[in-house]
Amino acid sequence: MVYSHPNNLVTQNMSLEETKALFESKSNEATKKYHVKIYREFAKLCHILIKRPLTEDQKTTVEEELKSYRLKAVEENTYSKHKKKLNRFKKFLRERYGWVTSGYYTTLFMILGMVLGQSIGLSIHPSTGLAIGLGAGMSVGMALGAWRDQALKKENKVLEYAEK
């Protein structure tokens, strides 16, 4: 066992089941909607990984990553820290295993399409080009992102949140 603070005992191992239970309890205790949303998302992501047929090596690596986040540490037990840790965990899953949450590329490409469309639209015509460029860029970006998400779904690399 590791001591991070005299009054704060932090266990070395943080399993997916423990992490899920921790964030489910946090979501039940939270009073602000945006806190509840992040805590539920973390719990759902752990639930998806629990149900996914992981190899022993994958499960160990994922749990080692969770352990490094010190999720039970009192001094790091804030909403903003947990939001950052959720994003870091998603990034870890994407970079290590190529797993993304559903709609990841649709959202990413939509934003990129809007930025690119806005730039092109403004260079063509200052007033109407902006609206046309944003709309066209968003549409093209969403279409390309949805195509990429579908390709990853066929490869079983999309972590889909199932509604309760």
Side-chain angles (χ1 to χ4, degrees), residues 1-116 141-164:
M1 298 206 162
V2 175
Y3 291 95
S4 64
H5 187 274
N7 298 326
N8 181 27
L9 184 65
V10 181
T11 59
Q12 285 187 328
N13 295 327
M14 190 73 176
S15 71
L16 285 167
E17 291 81 5
E18 289 173 324
T19 305
K20 178 185 172 204
L22 174 73
F23 283 105
E24 283 176 343
S25 77
K26 284 189 172 298
S27 72
N28 292 333
E29 296 167 3
T31 56
K32 297 180 180 171
K33 279 186 174 184
Y34 57 94
H35 289 196
V36 171
K37 181 182 175 189
I38 292 299
Y39 297 148
R40 282 188 181 158
E41 187 174 353
F42 217 132
K44 285 179 184 180
L45 187 55
C46 289
H47 178 76
I48 292 166
L49 292 170
I50 291 167
K51 296 293 181 190
R52 195 174 187 86
L54 301 176
T55 66
E56 201 57 43
D57 183 48
Q58 287 174 331
K59 185 173 182 180
T60 302
T61 305
V62 167
E63 289 179 349
E64 283 292 319
E65 182 70 14
L66 287 172
K67 176 181 137 183
S68 73
Y69 296 164
R70 300 169 32 91
L71 296 171
K72 290 185 180 179
V74 172
E75 72 274 5
E76 297 177 12
N77 194 10
T78 63
Y79 162 76
S80 61
K81 298 267 185 181
H82 284 134
K83 184 176 180 180
K84 287 177 185 176
K85 290 174 183 179
L86 173 63
N87 290 330
R88 188 171 141 197
F89 188 50
K90 286 180 179 181
K91 183 179 178 183
F92 163 77
L93 294 172
R94 185 176 61 250
E95 290 176 351
R96 178 75 182 221
Y97 300 110
W99 299 337
V100 296
T101 53
S102 55
Y104 173 77
Y105 283 105
T106 302
T107 304
L108 179 65
F109 284 22
M110 177 186 69
I111 294 166
L112 293 174
M114 288 173 66
V115 170
L116 188 60
M142 286 179 69
L144 290 173
W147 173 76
R148 179 73 176 129
D149 282 334
Q150 280 301 110
L152 287 176
K153 191 173 183 178
K154 288 178 184 175
E155 296 175 25
N156 196 25
K157 291 196 174 204
V158 176
L159 304 171
E160 292 190 73
Y161 294 113
E163 294 299 319
K164 290 184 179 180

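Quantities reported herein were computed from a predicted structural model and do not represent experimental measurements.
Residue Tyr39 comes nearest to Thr78 through the heavy atom pair OH-C, 4.4 Å, listed as atom of the first residue, atom of the second, then distance. When every heavy atom of Cys46 is checked against every heavy atom of Thr19, the shortest pair comes out as SG-CG2, 3.5 Å. Across all their heavy atoms, Ser102 and Glu160 have their closest contact at CB-CG, 4.0 Å. Across every non-hydrogen atom of Val158 and Asp149, the tightest pair is CG2-O, 3.8 Å. Heavy-atom minimum distance, Leu49 versus Leu54: O-CD1, 3.5 Å. Between Thr61 and Tyr97, the shortest heavy-atom contact is CB-OH, 3.3 Å.
Judged as a side-chain hydrogen bond (donor to acceptor under 3.5 Å, both in side chains), and not counting sequence neighbours, His35 has no contacts. Annotation: ring-ring contact (aromatic ring centres under 6.0 Å, His included) contacts of Tyr105 (sequence neighbours excluded): Phe109.
A distance of 9.5 Å separates CG in Asn87 from CZ in Phe42, rounded to the nearest 0.5 Å. Atom NZ in Lys37 sits 8.0 Å away from atom NZ in Lys83 (nearest 0.5 Å). Interatomic distance, CG of Leu71 versus NE2 of His82, reported as 5.0 Å (0.5 Å rounding). Rounding to the nearest 0.5 Å places NE2 of His47 at 11.0 Å from CG of Leu45. Rounding to the nearest 0.5 angstrom, the gap separating the CG atom in Leu93 from the CD atom in Gln58 is 10.0 Å. Atoms NZ and OG1, on Lys67 and Thr60 in that order, are 11.0 Å from each other to the nearest 0.5 Å.
The local environment of CD in Glu56 is sparse, with at most 12 non-hydrogen atoms from other residues, nucleotides or ligands closer than 6.0 Å. Shown here is Met142, whose CE atom has no more than 12 heavy atoms of other residues, nucleotides or ligands within 6.0 Å. More than 12 heavy-atom neighbours from other residues, nucleotides or ligands sit within 6.0 angstrom of NZ on Lys90.
Using a 4.5 Å heavy-atom cutoff, the side chains of Leu108 and Arg148 are not in contact. Residues Trp99 and Arg52 are in side-chain contact: their nearest non-hydrogen atoms beyond the backbone lie under 4.5 Å apart.
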Discussion item. Let's go through Val62 and Phe89 carefully: what are the C-alpha distance in whole Å and the side-chain angles of both, what is the deciding distance for side-chain contact (heavy atoms from CB on, under 4.5 Å) to 0.1 Å, and is it a yes or a no?
Written reply: CA-CA 9 Å; Val62 167; Phe89 188 50; 3.7 Å; yes

Item to complete: For side-chain contact (heavy atoms from CB on, under 4.5 Å), just list the numbers for Val100 and Lys157, CA-CA rounded to whole Å, side-chain angles, deciding distance to a tenth of an Å, and then say yes or no.
Response: CA-CA 6 Å; Val100 296; Lys157 291 196 174 204; 5.9 Å; no

Discussion item. Please determine whether side-chain contact (heavy atoms from CB on, under 4.5 Å) holds for the pair Glu18 and Leu66, giving the CA-CA distance in whole Å, both sets of side-chain angles, and the decisive distance to 0.1 Å.
Written reply: CA-CA 10 Å; Glu18 289 173 324; Leu66 287 172; over 6 Å; no

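The closest donor-acceptor contact from the side chain of Lys85 to the backbone of Tyr69 lies under 3.5 Å.
Checked for salt-bridge contact, Lys20 and Glu17 miss the test: no charged N lies under 4.0 Å from a carboxylate O.
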